[in-house]
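In listed order, ligands and their atoms are each counted from 1. Quick caveat: nothing in here was measured; it's all calculated off a predicted structure. When a residue number appears, it is its place in the shown sequence, counting from 1.
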Amino acid sequence: TNNRPHVLIVARLPQHLLDLLQQHYTCHNLILQPHSEAELAAIAPQIRGIAANGEAKVSREFMARFPALEIVSVFGVGYDGVDVPAARERGIHVTHTPDVLNDDVADLAMALMLATARNVVRADRFARSGEWKKGPFPFTTKVSGARLGIVGLGRIGQAIAKRAAAFDMQISYHNRSRKDVPYTYVDSITALAREVDFLVMITPGGAGTRALVNAEVLEALGPKGFLINVARGSVVDEAALIAALKTGVIAGAGLDVFADEPNVPAELAALDNVVLTPHMASGTLVTRTAMADLAFNNLQAHFSGAGVISPVPD
Ligand code: NDP
């Protein structure tokens with residue numbers, strides 16, 4: 001076991017993945033055992049793999065500390081924290097876990113859409129607390145048959161569209177490029193927002209999508225419109241969103257992701273027209289296990305010489 005590859009763990013990862021890594025590699029866990037500069041420098045020459053998640057920052061400077069680094073395996077489909085161009089320059093593979101989480105993320109997008117429009121969380125409190133005895137619950141908003149706009153019609157976006165089709169929703173979408181799909185393409189997010197009742201964000205994060213949803217888009221979505229964000233907190237101007245929710249510029253929002261996780265702005269938490277979940281869209285046991293297996297199998301495939309299974313795209 002002396003020649004087991006050394007793997008550096010730079011993110012909080014599920015126990016199942018930690019167990020697999022521990023069984024096959026010499027692991028150094030920066031989360032469970034914070035390393036001093038000197039300790040990190042001592043192990044740096046041996047590190048051949050990094051195990052990260054979508055949020056962990058794996059910068060050019062950080063990777064430069066590991067001269068023998070060959071692969072960064074990300075647990076998650078998003079990899080905003082990894083400097084992929086810097087990795088490419090050195091021939092370091094970057095892998096992620098696409099597809100295995102499509103169903104769960106799409107399911108949670110539907111759950112947030114239904115929960116927000118039908119005010120399910122507020123209604124639960126109403127039924128539990130006895131408020132019901134004072135009178136009926138206020139009317140809510142119909143989802144079936146409504147107009148849905150999907151921003152980011154990729155793997156997960158298409159899984160959302162498939163579910164929405166079963167709700168008889170009228171589906172349109174915005175991407176940078178048009179797709180060969182039976183849904184209506186709209187070439188700007190503001191125009192899409194203007195035409196729909198529900199705007200669902202499911203693009204990658206990072207610089208290319210920062211604050212895609214700004215005050216202008218929220219204005220276009222309008223006082224009967226709902227925003228659902230299962231992408232990344234960075235795709236929404238959170239201050240503009242809070243202002244829009246407070247003043248009725250939009251009707252409500254269902255949010256799984258936030259600008260500064262795990263900190264949820266108190267102003268957002270105080271609102272009744274939002275449903276908030278703690279970045280848990282892929283968080284079922286089955287899916288997190290499949291993601292862990294894929295993140296591990298990418299390392300295994302690489303170190304066995306077979307070539308990685310799911311590299312990030314160019
Ligand atoms: P894909 O790469 O399959 O799809 C991404 C889509 O976004 C593509 O259709 C792409 O189309 C579009 N897109 C990219 N940039 C822009 C842009 N600037 N404006 C408009 N559209 C854009 O990714 P997945 O569907 O697998 O995952 C999408 C994202 O969902 C992940 O990157 C991650 O951030 C998020 N996610 C969140 C989870 C959660 O727990 N909440 C769990 C899993 C994923 P085009 O290139 O034509 O623009």
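- Below 3.5 Å of separation, one finds no N or O of Gly157 facing any N or O of ligand 1.
- Scored by the side chain to side chain donor-acceptor pair (under 3.5 Å) test, Gln23 finds no partners at all (sequence neighbours excluded).
- Considering backbone and side-chain atoms together, Gly208 places an N or O closer than 3.5 Å to an N or O of ligand 1.
- Within the 3.5 Å criterion, the main-chain N or O of Val249 finds no donor-acceptor partner in the side chain of Glu219.
- Among residue pairs with one or both ends in residues 238-261, those qualifying as side chain to side chain donor-acceptor pair (under 3.5 Å) are Lys246-Glu267, Asp256-Thr277, Asp260-Asn263, Glu261-His279; sequence neighbours excluded.
- For ligand 1, the polar-atom distance check finds an N/O of Asn175 within less than 3.5 Å of one of the ligand's N/O atoms.
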Q: Applying side chain to side chain contact (heavy atoms under 4.5 Å, CB included), run through Val74 and Thr97 and close with a yes or a no.
A: CA-CA 7 Å; Val74 176; Thr97 64; over 6 Å; no
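- Interface atoms of ligand 1 facing Leu153, defined by a heavy-atom separation under 4.0 Å, are 9 (O).
- If you number the atoms of ligand 1 from 1 as listed, the ones under 4.0 Å from a heavy atom of Ser177 come out as 45 (P), 47 (O).
- Listed by number with element, the atoms of ligand 1 under 4.0 angstrom from any heavy atom of His279 are 39 (C), 40 (O), 41 (N).
- For atom 16 (C) of ligand 1, the choice among Arg176, Arg155, His96 with the nearest heavy atom turns out to be Arg176.
- Close N/O approach between Met280 and ligand 1 is not found [any backbone or side-chain N/O within under 3.5 Å].
- Heavy-atom contacts of Lys179 reach the following atoms of ligand 1: 9 (O) (cutoff under 4.0 Å).
- Not a single N or O atom of Asp80, backbone or side chain, sits closer than 3.5 Å to an N or O atom of ligand 1.
- For Pro98, the closest heavy-atom approach to ligand 1 does not fall below 4.0 Å.
- Taking every heavy atom of both residues into account, Val257 and Arg232 meet most closely at CG2-C, 3.4 Å.
- Of the possible polar contacts, none joining the Ser73 side chain to the Leu299 backbone as a donor-acceptor pair under 3.5 Å is found.
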Q | Test side chain to side chain contact (heavy atoms under 4.5 Å, CB included) applied to Ser282 and Arg288, step by step | A | CA-CA 7 Å; Ser282 67; Arg288 288 282 165 90; 3.0 Å; yes
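- Near Asp256, with a cut-off below 4.0 Å to any heavy atom, the atoms of ligand 1 are 39 (C), 40 (O), 41 (N).
- When only interatomic distances are considered, the shortest N/O to N/O separation between Val230 and ligand 1 falls below 3.5 Å.
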Q. Hey, mind stepping through Phe75 and Phe296 against ring-ring contact (aromatic ring centres under 6.0 Å, His included) and telling me if it holds?
A. CA-CA 9 Å; Phe75 170 82; Phe296 171 70; over 10 Å; no
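- Side-chain atoms of Ser310 and Asn298 form a donor-acceptor pair, as typed in the model, at a separation below 3.5 Å.
- Nearest-residue assignment for atom 29 (C) of ligand 1 (options Ile156, Thr203, Val77; heavy-atom criterion): Thr203.
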